[in-house]
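One structure is given here, and the rest of the page talks about it.
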Amino acid sequence: MSSRQGGPPSVPVAFVRDKTLAWRHGTQRGQLFAVAALAVITVVILAASLVNYNIVPVASFMLPLLLGSIALRYRPLLVLVAFVGVCSAITVTHETMTTGWSPPRLSNIITLALGAAILLYAASRYQSGLPGPLGEAMLVELNDRLQVQGVVPSLPNGWRSQSAVLSAGGAKFAGDFLVANLSEDQSHLEMVLVDVCGKGVGAGTQSLQFAGALGGLIGSLPPLGLFSAANDFLLRQHWDEGFATAVHVLVDLKTGNYSVVNAGHPPAMRWVHGQSQWQVDSARGTALGVLERPDFHRSTGVIAPGDALMFYTDGVVESRSRDVVSGIDWLRATAGRVVMSDGFDGAPRRILSHVPGGDDDRAVLVLDRERPLVDYGRGRQA
C-alpha cells in the first residue's frame, strides 16, 4: 500500500519547527531550546576531544560560542560561556594528565578566553536585547511595513507616480522616505517626501520612527496642520540631529489643481508641456524640528495633461563640488534631457543614474499627467 502523501510532519520535525519558530520570535522558550542545542554540540566536542585531543583541541570550543553569539541573548550566552568553560577545563585537565603540559595549549586557552570575552561584550551592546540576526530581522520587517506607506496606490487613468531612492553607502535604511495617501473616492492624492538629517543607517533608524508617525497622520490633517504636528513630534524626540526637511503635495486628480507646502526642502519643479522645461516652484519654509513655530508657505498651480511635478532630496542637487543653487540648475537641465529623450517612463531612476555618487541619500519622485493619445502624433512624446 502506498504511503499517504501530504500528511502531517513527523514528531521530531514538528518539534524542531516549533522550537525554531519560537527562537525567531525571540521568546524565552526559543532561547532555552537554543542553549540546549548548543550545549549538546559542546558535549559532543568534549567527547571527541577526550578521545583524540590532537584532532579536536580546546580551540574547537569556539564553534558553539560563535553559534551562540548569533542565536542567543546576553544572559543565555553567559550561561553557554560558563558551560563551555567547564568543558574546556575538563579536556585540558585530561590531556595534561595524559601527555603533560605544552605551551601551544596555553595559547589556545588564551585565544578561547579572549574570544568568549569579545563575544560577551558584543552581545551586551545589543540595545534591542535580541541577538544580532533577530534584531536586524526586526528592523527589516519594520522597515518593510513602513515602506508600504510610501507605495503610491494605483492612480486613476491618466495619472502616474514613480519614485527612486538610493541610500548612502548602499545601506537598506535610508534617511529619505515617502508617505502617500489616496482618498477613498480616489479624487485626491497626498504625498510627503522627507529627508531626515543625517546619512545612511544613522538617519535610517530615525526615519523609521518618523515615517510611522507621519503615516498615522497623513490624510487626517490638512497640509499645514500635518507639518505642525510633525514639527512638534521632532522637537519632542531631542535627537542629536533632530530636524528634517519635507515637501507636501496635495493634488486634485479630477481637475489637476495642486498645492505644495515646503519645509526647508529643495524646491519642487513642474514640467510645463507647452514650454518643454522644468519650472522651479515658489513654495518655501522652515525645516521641521528647528523652531517651535515654523513658517510655512504654500504654492498652488494646475497640472495640465502632459505636465508633471518632480520632488527630490538635497543629495540629488548638493555635493562637495556643487552648492544647492547650481545643483538645482543642473537638475533642471538633466531632468529636461531625460524627459525629452524618453518621456516620463522610468524618469526618477534615469535621473538618479546621472547623479554622481556621494555620501548622502538621494530620492526623486515624479507625478505626471498623461496626454490624450491624439496628442502623441506619431507616438513620440513632444
Side-chain angles (χ1 to χ4, degrees), residues 143-144 147-148 150-152 154-155 159-180 191-204 207 211 245-247 249 260 265-273 275-281 303 306-371 376 379-382:
N143 179 68
D144 291 341
Q147 288 300 322
V148 174
V151 176
V152 179
S154 298
L155 301 179
W159 292 92
R160 176 174 53 178
S161 175
Q162 304 173 80
S163 63
V165 177
L166 291 176
S167 61
K172 183 176 180 61
F173 304 104
D176 303 337
F177 66 88
L178 172 70
V179 178
M191 297 185 293
V192 182
L193 180 62
V194 181
D195 183 2
V196 176
C197 179
K199 300 169 184 175
V201 177
S207 71
T245 65
V247 59
V249 59
V260 173
H265 207 76
M269 294 187 189
R270 180 169 71 96
W271 175 261
V272 183
H273 169 60
Q275 302 177 15
S276 297
Q277 66 176 356
W278 292 98
Q279 293 184 350
V280 179
D281 187 77
I303 306 176
D307 290 357
L309 288 177
M310 179 172 64
F311 309 92
Y312 51 94
T313 56
D314 58 0
V316 177
V317 295
E318 187 178 20
S319 65
R320 295 179 180 177
S321 60
R322 183 173 57 209
D323 58 25
V324 174
V325 175
S326 60
I328 291 174
D329 293 336
W330 171 87
L331 179 61
R332 286 185 63 198
T334 301
R337 290 192 297 268
V338 166
V339 175
M340 291 295 293
S341 61
D342 294 303
F344 291 106
D345 189 23
R349 174 182 51 80
R350 290 186 286 125
I351 291 172
L352 284 184
S353 68
H354 292 282
V355 178
D359 56 356
D360 200 358
D361 302 325
R362 290 147 284 167
V364 174
L365 168 67
V366 174
L367 174 68
D368 67 284
R369 187 177 185 183
E370 298 177 356
R371 289 171 284 138
Y376 281 83
R380 175 182 176 273
Q381 278 193 325

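Keep in mind that the numbers below use all heavy atoms, side chains included, and drop hydrogens, waters and symmetry copies.
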Within this structure, what is the [atom1]-[atom2] distance for the pair [X] and [Y], rounded to the nearest 0.5 Å?
X      : Y      : atom1 : atom2 : answer
His265 : Phe311 : NE2   : CZ    : 9.0 Å
Asp307 : Arg371 : CG    : CZ    : 10.0 Å
Arg362 : Ile351 : CZ    : CD1   : 14.0 Å
Asp323 : Ile328 : CG    : CD1   : 9.0 Å
Leu365 : Thr313 : CG    : OG1   : 11.0 Å
Arg349 : Gln162 : CZ    : CD    : 9.0 Å

Closest heavy-atom contact between [X] and [Y]?
X      : Y      : result
Val152 : Ala180 : CG2-CB, 4.0 Å
Ala246 : Val194 : CB-CG2, 4.0 Å
Arg350 : Gly343 : NH2-O, 2.6 Å

_Can you tell whether the side chains of Asp368 and Arg160 come within less than 4.0 Å, N to carboxylate O?_
yes

In the structure I gave you, are the side-chain heavy atoms of [X] and [Y] within less than 4.5 Å of one another anywhere?
X      : Y      : result
Leu309 : Ile303 : yes
Pro267 : Tyr312 : yes
Trp330 : Val355 : yes
Met191 : Leu178 : yes
Val364 : Val316 : yes
Trp271 : Met310 : no
Trp278 : Leu331 : no
Glu318 : Pro266 : no

